[in-house]
Amino acid sequence: MKQSQTYSEMDTILRAGRILVESGAEIYRVEETMSKMATALGLQQFDSYVINRAIVASALNGKGFSEARTTTVPETSINLGKLEAVNALSRRMAETGKASLVEVDWALRKIETQQDYDFWQVVAAYFVGAGGFSLALGSSGMDSLASALTGGLLGVLLQLISPYIQTKFLLNIFGASVVSLSANLLYFWGLGEHRSLIILGTLMVLIPGAFFVNAIREFSQNNYFTGLALSMSALLTCISISVGVAVTIGFLPFAEQMTSSFSLTELSLSGLLIQTLAAGVGTIAFAILYHTPWLYCLDLGMLGGATWGLYRTLWYHFHIEALAIFIPALMVVFMSRILAIKRQSPATIFLSTSMFPLIPGLSFYRAVYFFITGSDELAIDHIRNSFITAFTITIAIAIVQQLPLRRWITHSIKKQA
């Protein structure tokens, strides 16, 4: 009987690890959470090895025998709600020091099937996110409306068709084609002034922001294999989006390929406030698409808006990409860790979403698109910006990781008490 229970304990711990990896957790968080749960379930000398597609774990059972388990992770689909739920479960287990295997297994099975937002809430997130990001990029009200309508259509179609298309890059090509067709039709019918901003604003909801952020975080923690795997997944998504846009425009007799890149040069106080607010609203919408619990959305909206506003201000005054990225990235990483400690939740929830306005996904999409359409100089320029952005964010993350913020905050709380 004891032997059977021990097997179940290992399987339960691996189930928790698989949910975390599938939901977009960092490697160190998966290993740390599994270790805490193993201790609470009575396993000793627990050890694990985690990559983005597999988990290997070993431990001593109650009889002192060594056991090992392995499980595969079929696919990563960012779900910050499940990540938060597993984190809360492991925290409760660690606080009590022990846990019932039956209760933990039941809780994990419930987490696997939990639903955060319904069909129309997700469609609304696509609608608001596309319109908000278009406005944040400097578009007009009409461009933003066209992006919002395109985003809403995209949200409906993706939810209807995704159960039948299991290949991710085909789904991304389909989504990008829908965006390109809808944006060009609306522009042709007179709704919108800048076709590129309509398309870019909508494509922001397709850009794999969390994959880019997590890849950068894994590189900063020397997890090069997982970081490279996440980077390749993100880059393949951007390539699929570029192909979908370019091919669709090529089939439209009334549309031409975009051969120039817009530049945000003018910035008034009112324009900055509008763009900051729009970026904040867009960040909240993006958080919903990542199944983030609603109680964190206000924090994320404020942080995402502040990130974009600071970036726009620094870029306008200095025109130095590295500087304009570095300072907002420092702020995002620092505040994400502060909020994670205060809210007792994973920093990934705050970092993956509020960092989104800075991630290099949009630049890489444009680089691939311009290569496909023959605008090589523009493509090279956007590739350069992508690498500058990625390395700058990596440096910002690495710097903040060295700060003992948890110790400082704990000391401050004790001092106030």
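- Distance CD/Gln114 to NE2/His291: 10.0 Å, rounded to 0.5 Å.
- Side chains of Ser147 and Ser134: a donor-acceptor N/O pair is present below 3.5 angstrom, by distance only.
- Annotation: side chain to side chain donor-acceptor pair (under 3.5 Å) contacts of His194 (sequence neighbours excluded): Asp143.
- Checking Glu193 against Tyr187 by side-chain atom types alone, no donor-acceptor pair falls below 3.5 Å.
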Notebook entry, point to check: Could you go step by step and tell me if Arg18 and Glu112 meet the salt bridge (charged side-chain N to carboxylate O under 4.0 Å, His left out) rule?
Noted result: CA-CA 10 Å; Arg18 189 181 68 249; Glu112 284 183 317; 2.9 Å; yes
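- Ionic pairing of Glu31 and Lys36 is not present here: no N-O contact between side-chain nitrogen and carboxylate oxygen is shorter than 4.0 angstrom.
- Checking side-chain atoms of Asn214 against main-chain N and O of Gly24 turns up a donor-acceptor pair under 3.5 Å.
- Using cut-offs of 30° and 60° on the angle between ring planes, the pair Phe188 and Phe254 is tilted.
- A salt bridge links Asp299 with Arg343: the distance from a Lys NZ or Arg NE/NH1/NH2 to an Asp or Glu carboxylate oxygen falls below 4.0 Å.
- In summary, the aromatic rings of Phe364 and His382 are positioned with their centroids too far apart to meet the 6.0 Å limit.
- Checking side-chain atoms of Arg312 against main-chain N and O of Ala136 turns up no donor-acceptor pair under 3.5 Å.
- A salt bridge is absent between Asp11 and Arg15; no separation between the charged side-chain nitrogens and carboxylate oxygens falls under 4.0 Å.
- Across all non-hydrogen atoms, the minimal contact from Ala329 to Met355 is O-CE, 4.2 Å.
- With values rounded to the nearest 0.5 angstrom, Met302 atom CE is found 11.5 Å from Thr307 atom OG1.
- Look at Glu26 and Arg29 and you find a salt bridge, because one of the NZ, NE, NH1 or NH2 atoms lies within 4.0 Å of a carboxylate O, short of that distance.
- At least one side-chain heavy atom of Phe387 sits under 4.5 Å from a side-chain heavy atom of Ile383.
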